[in-house]
Number of protein chains: 2
Amino acid sequence: MATSLEKAKQNPDSMKAKILDAARRIFGEYGFHGTTTRMIAKAVGIDISTLYYHWGEKGDLYEAVIRDINDGMGKKLEEVEKKIKGRPLSERLEIAIEDMVDYLFEHPEISNLTLFRYFMKTRHGKELDVRVPEYLSDIAYSMGLAEDRRNVSTEAKMKVLFIMNAIHNFISGENFFRPMMQHDRNAYIQATKDTLNFFNLAAFT
Amino acid sequence: MATSLEKAKQNPDSMKAKILDAARRIFGEYGFHGTTTRMIAKAVGIDISTLYYHWGEKGDLYEAVIRDINDGMGKKLEEVEKKIKGRPLSERLEIAIEDMVDYLFEHPEISNLTLFRYFMKTRHGKELDVRVPEYLSDIAYSMGLAEDRRNVSTEAKMKVLFIMNAIHNFISGENFFRPMMQHDRNAYIQATKDTLNFFNLAAFT
DNA sequence: AGTTGATTCAATCAAATGATGGAATCAAAT
DNA sequence: ATTTGATTCCATCATTTGATTGAATCAACT
């Protein structure tokens with residue numbers, strides 16, 4: 001059974017997919033309450049009623065966006081996990097950082113919305129369970145912090161959270177932090193990787 | 001010359017101060033656009049017109065809140081810096097984490113609003129310059145990452161940002177992360193300190 | 001008690017916002 | 001060409017939200 005979201009992703013040129021893309025970007029920039037349906041519709045170049053026709057109420061569209069970025073993260077993590085399998089730890093860490101940081105800098109709304117959801121209450125709060133705990137355990141296992149995927153210690157989970165959030169921070173905070181560092185975009189991305197590697201290598205090897 | 005904010009803080013029982021306190025808490029929970037002036041007024045138990053009488057428009061109140069939490073952080077950082085002066089590095093780090101984490105868990109709206117400002121655009125965006133760069137340099141110096149307060153390398157600033165944001169992450173994300181860890185509040189706070197110490201000690205000593 | 005200035009609230013506005021109904025348009029199938 | 005179903009837009013609602021006005025209340029001082 002194809003969900004509404006899956007159907008939209010099948011054809012990226014479909015109106016439904018275009019709206020979802022704009023919604024990702026704008027919800028990512030302004031958050032749930034900072035975004036109006038009119039802002040999204042205007043970005044796509046359509047009337048708001050068209051938006052409502054395809055996605056229903058604002059909360060449902062937001063929910064679809066969250067699911068979408070979660071799916072994307074899940075796939076990316078799987079991909080990275082396959083790529084680093086079997087290599088020595090320090091190499092695994094460095095490659096994982098390289099790939100994840102690049103991916104997230106290309107899709108900053110992922111970091112924005114992820115952090116936004118961690119930190120902020122929303123007034124008409126739907127809960128919308130996500131798979132964070134599973135991801136955490138998978139990553140912990142992949143980093144050699146646990147013998148068993150299904151039995152990861154709290155310490156290990158905290159360490160993974162620490163690293164994952166640190167990555168998101170640098171991506172989401174780019175507009176704020178980069179001017180402070182007087183870096184151009186590429187230098188800032190490199191500095192992000194360097195900093196992450198510095199802490200990671202010191203802590204885990 | 002006493003600013004409007006300073007005047008409010010002089011008497012914590014004043015209406016102006018009570019409004020500011022509620023505004024801190026609620027802006028911290030829901031963000032700028034997620035908060036309505038009515039929510040704040042209701043929390044204080046007053047009419048919105050009274051709120052407007054004391055603080056003017058919503059954006060001005062928000063600005064006062066930001067200044068307030070910044071002042072608080074500045075004072076706390078100074079206090080911690082004095083306390084750790086002269087001690088060996090590993091001790092300095094551990095004490096600083098202990099004190100800052102406790103302080104921020106007592107005032108979670110600081111972490112919430114700090115991260116919110118880093119990561120989110122606001123529609124009617126006033127910029128409102130804050131002293132982040134100065135704080136960064138001071139902390140870097142205090143952590144032994146720079147010889148000179150006024151000449152701190154980009155690498156050092158990135159490392160400090162990394163740590164500071166990591167602290168904020170655990171405080172702001174408590175409601176999200178703590179259930180995943182199945183910790184009570186105190187255990188979660190301790191786990192936060194342990195995790196921070198783990199990375200800090202590995203990286204800097 | 002009366003005057004004065006500061007504070008508070010009820011009532012109200014205008015604009016923004018989420019949402020919908022129905023007419024118009026488009027595209028594919030017949 | 002007509003029919004049919006899907007899509008899009010215009011016009012419009014009802015509510016929420018930021019903000020103000022003016023009358024009432026309070027407190028301090030004479």
Side-chain angles (χ1 to χ4, degrees), chain A residues 2 4-24 26-27 29-66 120-126 128, chain B residues 2 4-24 26-27 29-66 120-126 128:
Chain A
S4 177
L5 176 61
E6 282 158 0
K7 228 168 57 183
K9 302 298 287 183
Q10 277 167 19
N11 176 8
D13 285 338
S14 71
M15 182 54 70
K16 199 160 185 174
K18 278 199 278 188
I19 295 172
L20 187 71
D21 277 357
R24 271 179 71 130
I26 300 180
F27 275 130
E29 280 181 58
Y30 296 94
F32 181 75
H33 286 112
T35 300
T36 69
T37 51
R38 280 170 177 83
M39 287 164 69
I40 299 171
K42 193 178 176 188
V44 184
I46 56 170
D47 189 89
I48 40 168
S49 48
T50 301
L51 185 153
Y52 278 89
Y53 170 78
H54 284 286
W55 286 107
E57 60 186 49
K58 183 186 177 186
D60 291 342
L61 174 54
Y62 184 71
E63 197 177 308
V65 166
I66 299 298
M120 282 286 154
K121 284 189 190 169
T122 126
R123 244 141 61 206
H124 327 288
K126 319 203 174 194
L128 177 57
Chain B
S4 176
L5 177 60
E6 283 158 0
K7 227 167 60 182
K9 303 297 285 183
Q10 278 168 17
N11 177 9
D13 285 338
S14 72
M15 181 55 69
K16 200 161 185 175
K18 279 199 278 188
I19 295 171
L20 187 69
D21 277 358
R24 273 179 70 130
I26 300 179
F27 275 130
E29 279 182 58
Y30 296 93
F32 181 74
H33 286 112
T35 300
T36 69
T37 51
R38 280 170 178 81
M39 287 164 70
I40 299 171
K42 192 177 176 187
V44 184
I46 56 170
D47 189 89
I48 41 167
S49 47
T50 301
L51 185 153
Y52 278 88
Y53 171 77
H54 285 286
W55 285 106
E57 62 184 49
K58 184 187 178 185
D60 291 343
L61 175 55
Y62 184 70
E63 197 177 310
V65 166
I66 298 298
M120 283 286 156
K121 284 189 190 169
T122 120
R123 244 141 62 207
H124 326 288
K126 318 203 175 194
L128 176 58

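Residue numbering restarts at 1 for every chain, and letters A, B, ... go by the order of the sequence lines.
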Task: B/S/- contact track for nucleotides 10-19 of chain D, protein heavy atom under 4.0 Å - done: B------BBB

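- Between T50(A) and dC9(D) there is a side-chain N or O to OP1 or OP2 distance below 4.0 Å.
- Without hydrogens or angle criteria, T35(A) side chain to I26(A) main chain gives a donor-acceptor distance under 3.5 Å.
- Taking atom OH of Y30(A) as the reference point, atom P of dT17(C) lies 12 Å away to the nearest angstrom.
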Open item on the list: Can you give me the dot-bracket string for DNA chain D, 5' to 3', counting Watson-Crick and G-U wobble pairs with both distances under 3.5 Å, using [ ] for crossing pairs and | for partners on another strand?
Closed with: ||||||||||||||||||||||||||||||

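- Across the protein-nucleic acid pair, H54(B) atom NE2 and dC9(C) atom C1' stand 12 Å apart, rounded to whole Å.
- With rounding to the nearest 0.5 Å, the separation of CZ in R38(A) from CG in D47(A) is 9.0 Å.
- A straight line from NZ of K16(A) to C1' of dT8(D) spans 16 Å, rounded to a whole angstrom.
- The separation between W55(A) atom CH2 and dT8(D) atom P is 13 Å, rounded to whole Å.
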All N/O donor-acceptor pairs, side-chain side in residues 14-23 of chain A, below 3.5 Å, sequence neighbours left out:
from	atom 1	to	atom 2	distance (Å)
S14(A)	OG	N11(A)	O	2.8
S14(A)	OG	A17(A)	N	3.1
K16(A)	NZ	S4(A)	OG	2.4

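- Summarising the geometry, the separation between OH on Y53(B) and P on dA24(D) is reported as 18 Å, rounded to the nearest angstrom.
- Cation-pi geometry between K58(B) and Y52(B) is not met: the NZ or CZ atom fails to fall both under 6.0 Å from the ring centre and inside 45° of the normal.
- The separation between D13(B) atom CG and dT7(C) atom P is 15 Å, rounded to whole Å.
- Closest of all the heavy-atom pairs between G59(B) and F32(B) is CA-CE1, 4.1 Å.
- Counting heavy atoms from C-beta on, the side chains of Y62(A) and T122(A) never come closer than 4.5 Å.
- A 4.5 Å side-chain heavy-atom check between L61(B) and I40(B) finds at least one atom pair inside the cut-off.
- In this structure, M15(B) places its CE atom 13 Å from C1' of dC26(D), rounding to the nearest Å.
- M39(A) is listed as a side-chain neighbour of R123(B), based on a closest heavy-atom distance under 4.5 Å.
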